[in-house]
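Below: the structure, in structure tokens.
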There are 2 protein chains.
Amino acid sequence: MNDLLTISEIKKCPVHYVLAINDTLNVISGKWKLPILASILYGNYRYKDIQANIDKITPRMLSKELKELELNGVITRNVYDSTPVRIEYKMTESGKNILSVLDAMVDWGVSHRKSTFKHSD
Amino acid sequence: MNDLLTISEIKKCPVHYVLAINDTLNVISGKWKLPILASILYGNYRYKDIQANIDKITPRMLSKELKELELNGVITRNVYDSTPVRIEYKMTESGKNILSVLDAMVDWGVSHRKSTFKHSD
DNA sequence: ACTCTTACTATACAAAAGTATAGCAATACT
DNA sequence: AGTATTGCTATACTTTTGTATAGTAAGAGT
């Protein structure tokens, strides 16, 4: 799916590190992955709620990304036999931990902006 | 360039966090960014060296990505007036710190793989 | 004048990622 | 039978990202 080349193809960085980095990138890259994860984290578990919560996402993209996130073990999909049918997407335990990566990204991003004197954007 | 939507467009997450995350994603996403950064980190400073070091990258992509990384304040470009001309790309101090993000990604990726019992890929 | 080296740029094309718009299937309620 | 709600799928299209291949510019050496 993602055939990013990385450190391994260059020198000694262990292969499983590279795989790990690629896994992580797969989970967070793309236009809608983070918005979706954030929405679920903030308590929107149902398709309609997530859709309403994210401005301008199309149903195609939403279901595509939800499928991928489920496949990657980041969220779960549960069907409840109420009526109308209720389907809930929730973060897995492992999925929740991805916040630590986001924290690292915020930290670097903020200090990088400071040290590089960016004003606008 | 990257109009990733994120947490802010969903709820309360502070805007500068979102900008920070987007900055970070811009620096590491795409097929060649990490290989290039890794190559420079490993001591390949010159265009030819980086190119020789990364299998199958085209000159177009290499110069495109180097420009972007420079623009983003992650690497510097220095021209030395030797002959033939020598140009060196090096990580900025801030650029080097992005390793902390990669560490977080490796950590999550590895433990996620464990907890999800992935075997192959 | 020709060749070598380094560090690229130009043009055309292919593949991947995302958008727009419409419609479907299941169940219940009226 | 008709309408509403939820959770999607289908098809066609545009945009972004990456590839392939060739060529350029500047200086030194022969």
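We use all heavy atoms of the structure for the numbers below, so side chains are in, but hydrogens, waters and symmetry mates are not. Chain identifiers are assigned alphabetically (A, B, ...) following the order of the sequence lines, protein sequences preceding nucleic acid strands; residue numbering begins at 1 within each chain.
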- Message: Restricting to non-hydrogen atoms, name the atom on B/A104 and the atom on A/S100 that form the minimum distance, rounded to 0.1 Å.
- Response: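 Between these two residues, the closest heavy atoms are CB-O, 4.4 Å.
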- Which atoms form the tightest heavy-atom contact between B/K90 and B/I40, and what is the distance? CA-CG2, 4.0 Å
Hey, is the side chain of [X] poking within less than 4.0 Å of OP1 or OP2 on [N], counting only N and O atoms?
X     : N      : result
B/K56 : D/dA20 : no
B/S63 : C/dT9  : yes
B/K67 : C/dT9  : yes
A/T83 : D/dT5  : no
B/R86 : D/dA26 : no
A/Y89 : D/dT6  : no
B/R46 : C/dT6  : no

Write down the distance between [atom1] ([X]) and [atom2] ([N]), rounded to a whole number of angstrom.
X     : N      : atom1 : atom2 : answer
A/K48 : C/dA26 : NZ    : P     : 18 Å
B/I75 : C/dA7  : CD1   : P     : 13 Å
A/K31 : C/dT19 : NZ    : C1'   : 8 Å
B/Y80 : D/dA28 : OH    : C1'   : 21 Å
B/I57 : D/dA20 : CD1   : C1'   : 14 Å
B/N26 : D/dT17 : CG    : P     : 9 Å
A/M61 : D/dC8  : CE    : C1'   : 15 Å
A/K64 : D/dT9  : NZ    : P     : 12 Å

Among [options], find the nucleotide with the atom closest to the side chain of [X].
X     : options               : value
B/Y47 : D/dC8, D/dT5, C/dA7   : C/dA7
B/E65 : D/dT6, D/dG18, C/dT9  : D/dG18
B/I87 : C/dA7, D/dT6, D/dG18  : C/dA7
B/W32 : D/dG18, C/dT9, C/dT19 : D/dG18
B/P84 : C/dG18, C/dA7, C/dT5  : C/dT5

Which value, rounded to the nearest 0.5 Å, describes the distance between [X] atom [atom1] and [Y] atom [atom2]?
X     : Y     : atom1 : atom2 : result
A/Y47 : A/L66 : OH    : CG    : 7.5 Å
A/E65 : A/W32 : CD    : CH2   : 9.5 Å
A/L69 : A/T76 : CG    : OG1   : 11.0 Å

- Query: Between the side-chain atoms of B/R60 and the base atoms of D/dT21, is any donor-acceptor pair under 3.5 Å?
  - Reply: no
- Message: Using a 3.5 Å distance criterion without hydrogens, assess whether the side chain of B/S39 forms a donor-acceptor pair with backbone atoms of B/N44.
- Response: no
